[in-house]
Amino acid sequence: MILLVTGVVFLSVIPLSVIVLWRNQKVVLDKTIEVCLNLADNISNIATEELLINENYDATRTSLSRLRGGKISGFIDSYVVNLGGFVVAELNEKQLGLKVSEKDLLYFQKLNTLNLTEYSRDGMNVLRFAFPIYITSFEKEKIRVGAAVFEFDKEKVYEPVNQIRTTIFAGSAVLFIFGFIIAIYTAIYFSRPVRKLSIGAKIIGDGNLDHRIHISR
């Protein structure tokens, strides 16, 4: 019975832990999205004019270079893509001047708001946030001029959540082992006098009426 109760308690911890982890993961993702929106707004304000004339991206590149010293958890790269699909400004300058794939170009051209995708690169799971850059015409019409992209290392972004998960499972395992040991000890402690009584009853039943059963509890 005690073992059953211990198992039920342990199993009840699992769904609670999953809920806590899911909630913390959502909070982390929401905070990352908030950071991306702020970054995208700043980059868009600087890059719109340069994207419109499609030349001299010094201001955009300078703005991106300032992100290099920022302490943003998991942040690995950021770049701006023009309508032709060329990377015109980039934080790490590894693909500066290169054209993105046709798949990515179509994806950027269809963006309406900040969007999150995930892909693998060099064994790293990357969270990619893409944001469309518009310029507003005199007729209040939004004209797309490019896109801003922000990439994060998923493992580092969710590192606080992973630490919480490790702590929860380690704590649950310790509690389960501790409860199991207590259950075994309790079972032995209470079963010992019952076993003694059973053996004594058998001895008396076999005819030894002088036998006495000494039970203190």
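The residues of the chain are indexed from 1 along the displayed sequence. Side chains included, hydrogens not; waters and symmetry mates left out as well; all remaining heavy atoms used.
- The line from CG of L114 to CD of E34 is 12.0 Å long, rounded to the nearest 0.5 Å.
- One hydrophobic cluster, built from ILVMFWY side chains closer than 4.5 Å, holds both L116 and V28.
- When hydrophobic clusters are built by joining Ile, Leu, Val, Met, Phe, Trp and Tyr residues whose side-chain heavy atoms come closer than 4.5 Å, directly or via intermediates, L96 is not grouped with L51.
- Residue pairs meeting the ring pair (Phe, Tyr, Trp, His ring centres under 6.0 Å) criterion with at least one member in residues 61-113, sequence neighbours excluded, are F75-F152.
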Acceptor/donor pairs from residues 43-50 side chains to any protein atom, 3.5 angstrom cut, sequence neighbours excluded:
residue : atom : partner : partner atom : Å
S44     : OG   : A40     : O            : 2.6
N45     : ND2  : D41     : O            : 3.1
T48     : OG1  : S44     : O            : 3.2
E50     : OE1  : T60     : N            : 3.2
E50     : OE1  : T60     : OG1          : 2.4
E50     : OE2  : A59     : N            : 3.1

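- Atom CD of Q95 is separated from atom CD of E90 by 4.5 Å, given to the nearest 0.5 angstrom.
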### Query
So F150 and L127, side chain to side chain contact (heavy atoms under 4.5 Å, CB included) or not? Walk me through it.
CA-CA 8 Å; F150 307 94; L127 299 176; over 6 Å; no

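- Sorted by first and then second residue, the ring pair (Phe, Tyr, Trp, His ring centres under 6.0 Å) pairs with a member in residues 109-128 form an empty list; sequence neighbours excluded.
- By the 4.5 Å side-chain criterion applied to Ile, Leu, Val, Met, Phe, Trp and Tyr, L98 is assigned to no cluster and stands alone.
- Each of L39, V149, L111, L37 was checked for a side-chain contact (heavy atoms from CB on, under 4.5 Å) with F131, and the lone residue meeting it is L37.
- Counting heavy atoms from C-beta on, the side chains of Y134 and N112 come closer than 4.5 Å.
- Listed by first and then second residue, the salt bridge (Lys or Arg N to Asp or Glu O under 4.0 Å) pairs that reach into residues 148-158 are E118-K154, R121-E151, sequence neighbours excluded.
- Not a single donor-acceptor pair under 3.5 Å links the side chain of R61 to the backbone N or O of N56.
- As a member of the Ile/Leu/Val/Met/Phe/Trp/Tyr network built from side-chain separations under 4.5 Å, L106 groups with nothing else and remains a singleton.
- Tracing side-chain contacts under 4.5 Å through hydrophobic residues (I, L, V, M, F, W, Y), one never reaches I135 starting from L83; they form parts of separate clusters.
- Here the CG-CZ distance, from N115 to R128, works out to 9.0 Å after rounding to the nearest 0.5 Å.
- In plain terms, the two heavy atoms of G84 and K99 that are nearest each other are O-CE, 3.2 Å.
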